[in-house]
Asker: 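Got a structure here, written out as structure tokens. Questions coming.
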Amino acid sequence: MFLVVGQGNPGEAYARTRHNVGFMVLDRLGLSFRQKGEALVAEARGGLFLKPLTYYNLTGRVVAPLARFYKIPPERILVVHDEMDLPLGRLRFKAGGSAAGNRGVASIAEALGTTAFHRLRIGIGKPPAKELGAAYVLSPFSEEEVPILARVLEAAKEAVWCWVEEGLLPCADRFNGLDLRQGGKL
């Protein structure tokens, strides 16, 4: 059993924002989600896929009870989230470590009592000024960024399936070095 969590905010107002790339990746998987409590849940390949409806910064409130109920250890949890410390066009697998200011990741770590879960960090780039971070993550991608985003989402979809089937290390070797900014392909 495993759990893949896409980070995002519910509702049409947030659907195409940078903070919702986790939801966008899960949407690409072609699964049928249904609402269960405060989340949209799909089951496939022996595991669960989750889009919390609690808003980004409170996702631990849904993730931890589900992980406990199904007895899913942290190393079998993958959180897919946006990452300002990576440029758009890059993605990176990571195990454990700090939340680095990501309140959704911090919420999950606090609720689970550990940071040992895995992450697929999707680069969204830095805001023009540090104090604009909150507005930046809630802004849509620009017209120029959309083609790069499409390549990233396709690669991230493949990366999630890789993690499900092969685990973290082989997938990190395959995906962490990709640069999809200039039309790169898998």
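This structure is a prediction, so every number in the text was calculated from the model and none was measured. The chain is numbered in sequence order, starting from 1.
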Asker: Take E143 and V146 through the side-chain contact (heavy atoms from CB on, under 4.5 Å) test and state the conclusion after the steps.
Answerer: CA-CA 5 Å; E143 194 174 306; V146 169; 5.6 Å; no
Asker: Rounded to the nearest 0.5 Å, what separation is found between the CG atom of L40 and the CD atom of Q35?
Answerer: 6.0 Å
Asker: Hey, does L26 have a side-chain heavy atom less than 4.5 Å from the side chain of L31?
Answerer: no
Asker: Would you list the pairs meeting salt bridge (Lys or Arg N to Asp or Glu O under 4.0 Å) in which at least one residue belongs to residues 68-81, sequence neighbours left out?
Answerer: none
Asker: Considering only NZ, NE, NH1 and NH2 on the basic side and carboxylate oxygens on the acidic side, decide whether K157 and E154 come within less than 4.0 Å.
Answerer: yes
Asker: Listed by chain and number, what are the side chain to side chain donor-acceptor pair (under 3.5 Å) partners of T114, not counting sequence neighbours?
Answerer: none
Asker: Can you tell me how far CG of L138 sits from CG of L132, rounded to the nearest 0.5 angstrom?
Answerer: 12.0 Å
Asker: Test: disulfide (SG to SG under 2.5 Å). Region: residues 80-163. Which pairs qualify, not counting sequence neighbours?
Answerer: C162-C171
Asker: Are I124 and L86 close enough that some pair of their side-chain heavy atoms sits under 4.5 Å apart?
Answerer: no
Asker: Taking ILVMFWY side chains as joined if any heavy atoms are under 4.5 angstrom apart, and letting links pass through other members, which residues group with L50?
Answerer: M1, L3, V5, V41, L48, V62, V63, L66, F69, Y70, I72, I77, V79, V105, I108, L112, F117
Asker: Is there any salt bridge (Lys or Arg N to Asp or Glu O under 4.0 Å) pair reaching into residues 99-127, and which pairs are they, with sequence neighbours excluded?
Answerer: E83-R121, D85-K126
Asker: Considering all heavy atoms of both residues, which atom of A155 and which atom of L178 are nearest to each other, and what is their separation?
Answerer: CB-CD1, 4.3 Å
Asker: Can you find a heavy atom in the side chain of F175 that is under 4.5 Å from one in the side chain of L120?
Answerer: no
Asker: Write out all pairs satisfying disulfide (SG to SG under 2.5 Å) with one or both partners inside residues 16-66, taking only residues at least two apart or from two chains.
Answerer: none
Asker: For E144, check salt bridge (Lys or Arg N to Asp or Glu O under 4.0 Å) against everything at least two apart and list the hits.
Answerer: none
Asker: Check P52 against G6 and note the closest heavy-atom contact, atom names and distance.
Answerer: CD-O, 3.3 Å
Asker: If you look only at pairs with a residue in residues 19-50, which of them pass as a ring-ring contact (aromatic ring centres under 6.0 Å, His included), with sequence neighbours excluded?
Answerer: F2-F49, H19-Y56, F49-W161
Asker: Provide the closest heavy-atom pair for P127 versus G133 in the form atom of the first, atom of the second, distance.
Answerer: CG-CA, 3.9 Å
Asker: If every non-hydrogen atom of G60 is compared with every non-hydrogen atom of P65, which pair is closest and at what distance?
Answerer: O-CD, 3.8 Å
Asker: Among pairs that include at least one residue of residues 5-15, which meet side chain to side chain donor-acceptor pair (under 3.5 Å), considering only residues two or more places apart or in two chains?
Answerer: Q7-T59, E12-R16
Asker: Under the side chain to side chain donor-acceptor pair (under 3.5 Å) rule, collect the residues that match up with E38, sequence neighbours excluded.
Answerer: R61
Asker: Show every side chain to side chain donor-acceptor pair (under 3.5 Å) that has at least one partner inside residues 90-101, sequence neighbours left out.
Answerer: none
Asker: Search all heavy atoms of G97 against all heavy atoms of T115 and return the closest pair with its distance.
Answerer: O-CB, 3.3 Å
Asker: When you measure from the side chain of R151 to the backbone N and O of R181, does any donor-acceptor pair fall under 3.5 Å?
Answerer: yes
Asker: Would T17 and V137 count as a side-chain contact (heavy atoms from CB on, under 4.5 Å) here? Give the steps.
Answerer: CA-CA 7 Å; T17 65; V137 298; over 6 Å; no
Asker: Around atom CD of E165, are there more than 12 heavy atoms from other residues, nucleotides or ligands closer than 6.0 Å?
Answerer: yes
Asker: Determine whether V4 and W163 satisfy the following criterion, side-chain contact (heavy atoms from CB on, under 4.5 Å), listing intermediate values before the conclusion.
Answerer: CA-CA 10 Å; V4 176; W163 180 86; 3.8 Å; yes
Asker: If you round to the nearest 0.5 Å, how far is CZ of R34 from CD of E43?
Answerer: 5.0 Å
Asker: Using the ring-ring contact (aromatic ring centres under 6.0 Å, His included) rule, collect all pairs that involve residues 73-95, keeping only residues at least two apart or in two chains.
Answerer: none
Asker: For the hydrophobic clusters of this structure (ILVMFWY residues joined by side-chain heavy atoms under 4.5 Å, transitively), does one cluster hold both L58 and L53?
Answerer: no
